[in-house]
Amino acid sequence: MASDRGEEAELAKAYRPVDVEPGIFQRWLDADVFNPDGKGSRADWSKQPFVVIQPPPNVTGSLHLGHAQRSTVEDIMTRHARMQGRPSLFLPGLDHASIAAQYVLDKRLATKGETRQSLGRDKYLEAMWEFVRETRETILSQQRSVGASLDMSRLRFTMDEVSAAAVREAFVRLFREGLAYRTEALIHWCPGCRTSVSDLEVVPKETTGSLWTMRYHLVDESTGAADPDAWIAVATTRPETLLGDTAVAVNPDDPRYTALIGRQALVPFVNRPVPIIADSVVEMGFGTGAVKITPAHDQNDYDTGKRHGLPMITVLDDTAHINENGAQYAGLDRFEARKQIVAALEGQGDLESIKAHEMMLGRCQRSDDVVEPRLKTQWFIRVAPLAAAALEATRSGKTQILPERFVKVWEHWMTEMRDWNVSRQLWWGHRIPAWYCPDGHTTVTADPAGPPACEVCSRPVAELRQDDDIFDTWFSSGLWPFSTLGWPQKTRDFERFYPGSVMETAYDIIFFWVARMMMLGIHLTGEAPFHTVYLSGLIRDPYGQKMSKTKGNSVDPLETISEVGADALRFALINGSAPGNDSKLGPEKIENARNFANKLWNVARFVLGAKPGSIPDGATRQLPDREKLGPADRWILSRAAETVAAVDRAMALYGFGDVSQILYEALWNEYCDWGVELAKIRLADESLSASEREATWWTLVDALDTYLRLLHPTMPFVTEAIWDRLPHTAGDPKLLIVADWPIVRSDVMDATAESEVASLIDLVRAVRNARAEAKIEPAAWLPVEVYVPESLGPTFEALRPAIERLSRARPLTRSAGVGAIRQGAEGGLSVIAGDIEAMVRPAAKDEAQEERDRARLERELAEAQGLLAASRARLANEAFTSKAPAAVVDGVRARTAELEELVARLAQRLS
RNA sequence: GGGCGGUUAGCUCAGCGGUUAGAGCGCCUCGUUUACACCGAGGAUGUCACAGGUUCGAAUCCUGUACCGCCCACCA
């Protein structure tokens, strides 16, 4: 393709992404430009490296729109930095996603009649590795199809050896510092996944349950037996846990129960006498005001139990069946046990009532099973000191959170966070490097071979037993920004690329991931892992719902890419979206983006095809000689320079949506609609010298070159394809991806050209408007007389052929004064555009047409008068003139004068 | 229960203290001028949710209200 450069490249009439994109990606790969150390890299190592951190997608996953959007944002930042010459790293990776991967694999095994348990740990892990080998390429290739310029030479997987070493090292350090500890505590248990999960993995869901009110008979103090006539009624949503009850609690201030405090109640079925205790957690107004306390199966009760030193009786096993402590209910599933217990209570007359009850029920994020609080011995990370350091980093500005409104959420959460349970009773993940000896000592080591012996009593390793559990996936994800760079080794990459620049992710994993990276990163490396946290919004369907395959409302990014191309998809995902805001993506938006890609493609076709024959093929691009330029040329160059400045400003604020909008408007409304249209006429103007026509063409090329550079991060494929065919300067690299980001060229900024050309564009618009409103045959050429102020004369003359053609004016005559035009107004269409006045002369007298024109002028007059009145009223307001800034007051004065002038002119035309 | 967003043209959204509130789509009228009908020219459409307040000036800032959405929270 490179060899086509300069030749008359035949381009398809419509932009066809399929013809263009695969080849381009391959060219980038061949040139080795994604790797900042690659042979095609033009990285300037004296500049601050740019490192974007992406959440590594799940190995078993496939691309959805959320990924596509994030990859796009990350890629835009990376490409932008790369073009600025900064060594830029966009590191690809995969997450092993313990629980999610096991969930998927288990389902798969189930179709073959196998289970995790039937295979056993080793076989299961083998199966997992095999599975992961199959799936891992999918998501990576999908990311590439969006155009993500990932440096594949640095691909990392959270289960690779580098990551494993980091996990062990991190854990050992935390353990030695007392920040990792093992204890029995109440944790969330998912009976479906058969593992504990962290607080975050429990999703509370609105559920209609029942509130059962049941009687616990009091223990007769003299006989020690249940008193059939005395009871305390308790309300519960979980009757089956009564098997594990060890108290009944009432509020100490509740007069109804004061007399009962200190007495014993008998738990049904298990016939356990338990104390009636007083605790202020009990709400007097709820239920009966008396609560059964099951410390081993409820967070609240656990706390109450701790406060009162109550026994904790576990009645559920790993599969949520009643265990041996459940008397006759042992072996029953929790819900079956509930049913039977309720029935039994009712049978013995101890069930007072059943009421429907709205409540929040915790379910497993992964399997949707109802999560069971229960006691387990697990490893925890002491979070308070880590969170404090993370908070310090955001408060001091070492790490900035965008958009800012998330800071409050962040602060709140980091302040309230409970210790993090990192043990998982799963197999796919990093096994906890802790060994226990029969004497109860714990030995922890980073050595992959394990410890030689118990570090307390020196028992040989053979007598030690390694912890069966693995770490929560987020523990290894939390090390991602540095484990990927080889930490704890002081590698070259770690030195150069840590800490990262921007961490990009959707706001829904701010706690799961961002918080953990911050805490672990600061603690283990001494530095916050990134300077900026950029939080993206979620992509929703056109109805604002989360997309999901089961709902059938999901847009498949790959399908979209095959239809409209990655560029259009990227543009659609970025345009009109603001950081942290959810955005909706429907077919219209994608179509609009596709149209934009096509527009760009076609204007490039035009420019390439319009090359004057006097310019040899393969000529080097040069900035045209300013002397040879027409006003429209100066205008377009100036507009392009202004656009560079505007894009730079938006980029600095991470306003990628703004960037896309600025470029959309500049390219379509300015460059295509006027720049190219004006240039066409000049290019065909035989009265100009060849060098002048060449200068106009070079201007088009120059501005297009600028726009392509600016647009490249957002739409890498089309821009690369077009740029390839455009003439280049000697210093240009072969590929746009490594070309220099445009600098703001103040030397081509030209305020005079901008305002003069804008005035004449307004004139053309006004003439067109008058003609259309009067319903004049669009194709008709009509004589137009025009008056332009003296100062505009030269520009007007230079653009005369263009104005003629674009406003279909023939002949276009210039009148010496306004008066002359106004005098001959009879039957003509009056046009006022700023300082310029014109008169369009229809071929024949047409009463209806005149009437329509008059109506138009009257409307314009009324409008101008309204505005004038408003302006005058403002100036008449003493408070305004004295208090508003001088510039604003002057602006209104000038505006008023203009309006007065306009009103006078319109009135004169109508008289 | 606490917190955070949102409420702007028929639809989706941008604008977040200063002239006449914008875009895309849709709609209406025209149009095959040799880049583009995935196009061009022109047009219509808004008490910027509501009520107060601050200000010379409010869609924009403050307070409250109403809906909608999300996040956090141990009423069993």
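Chain identifiers are assigned alphabetically (A, B, ...) following the order of the sequence lines, protein sequences preceding nucleic acid strands; residue numbering begins at 1 within each chain. Quick caveat, the model's predicted, so the values are computed rather than measured.
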- Message: Using a heavy-atom cut-off of 4.0 Å across all strands, would you classify A:Val234 as base, sugar-phosphate, or nothing?
- Response: nothing

- Atom P, compared across B:G6 and B:A76: separation rounded to whole Å: 32 Å

- Does A:Arg895 get its side chain close enough to the base of B:U20, under 3.5 Å, for a donor-acceptor pair? yes

- Query: Considering every strand shown, what is the Watson-Crick or G-U wobble mate of B:G31 when both distances are under 3.5 Å?
  - Reply: B:C39

- Taking N and O atoms by type only, does the side chain of A:Gln299 place a donor or acceptor under 3.5 Å from a partner on the base of B:A76? no

- Task: Name the closest nucleotide to the A:Asn595 side chain, picking from B:A23, B:C56, B:C39.
- Result: B:C39

- Checking B:A35, B:C56, B:C72 against the side chain of A:Lys883 (C-beta onward), the nearest is B:C56

- Of the listed B:A35, B:C25, B:G42, the closest approach to the A:Arg765 side chain comes from B:G42

- Task: Could you measure between the two P atoms, the one in B:U47 and the one in B:G10, and give it in whole Å?
- Result: 8 Å

- Task: Verify the distance criterion only: is there a donor paired with an acceptor across the side chains of A:Thr394 and A:Trp410 at less than 3.5 Å?
- Result: yes

- Query: Looking just at side-chain N and O atoms, do A:Tyr15 and A:Asn595 make a donor-acceptor pair shorter than 3.5 Å?
  - Reply: no

- Polar side-chain contact A:Lys599-B:C36 base: donor and acceptor under 3.5 Å: yes

- Note on the structure: Among the nucleotides B:C30, B:A73, B:U20, whichever has the atom closest to the side chain of A:Glu863 is B:U20

- Task: Looking at every strand, decide which applies to A:Tyr302 at a 4.0 Å heavy-atom threshold: base, sugar-phosphate, or nothing.
- Result: nothing

- Message: For a quick check of understanding: with a heavy-atom distance under 4.0 Å over all strands, which category does A:Trp212 fall into, base, sugar-phosphate or nothing?
- Response: nothing

- Message: Suppose we define a pair by two distances each less than 3.5 Å, Watson-Crick or G-U wobble; what does B:C16 pair with here?
- Response: none

- Item | Sugar-phosphate, base or nothing in reach of A:Val291, heavy atoms under 4.0 Å | base

- Any-strand Watson-Crick or G-U partner of B:G24, both distances under 3.5 Å: B:C11

- Query: Looking only at N and O atoms, is any donor in the side chain of A:Arg405 or the base of B:C4 less than 3.5 Å from an acceptor on the other one?
  - Reply: no

- Message: Looking only at side-chain N and O atoms, does A:Arg682 offer a donor or acceptor that is under 3.5 Å from a partner on A:Thr696?
- Response: yes

- Side-chain contact check for A:Val282: nearest option of B:A76, B:A35, B:C56 is B:A76

- Message: So, under a plain 3.5 Å distance rule, would you say the side chain of A:Lys680 forms a donor-acceptor pair with the base of B:A35?
- Response: yes

- Query: Within the structure shown, what part of the strands sits under 4.0 Å from A:Pro885 by heavy-atom distance: base, sugar-phosphate, or nothing?
  - Reply: base

- Using a heavy-atom cut-off of under 4.0 Å over every strand shown, decide if A:Glu677 touches base, sugar-phosphate, or nothing. base

- Contact class for A:Glu773 vs. all strands (heavy atom < 4.0 Å): base, sugar-phosphate, or nothing? sugar-phosphate

- Query: If you check every side-chain atom of A:Asn581, which of B:A14, B:A76, B:U20 has the closest atom?
  - Reply: B:A14

- Query: Taking any strand in view, what nucleotide pairs with B:U65 in a Watson-Crick or G-U wobble way, both distances under 3.5 Å?
  - Reply: B:A49

- Between B:U33 and B:C39, how far is it from one C1' atom to the other, in whole Å? 13 Å

- Item | G-U wobble or Watson-Crick pairing nucleotide for B:G57 (cut-off 3.5 Å, both distances) | none

- Message: Under a plain distance cut-off of 3.5 Å, with no hydrogens placed, do A:Thr241 and A:Lys292 share a side-chain donor-acceptor pair?
- Response: yes

- Mate of B:C70 where both pairing distances stay under 3.5 Å, Watson-Crick or G-U: B:G3

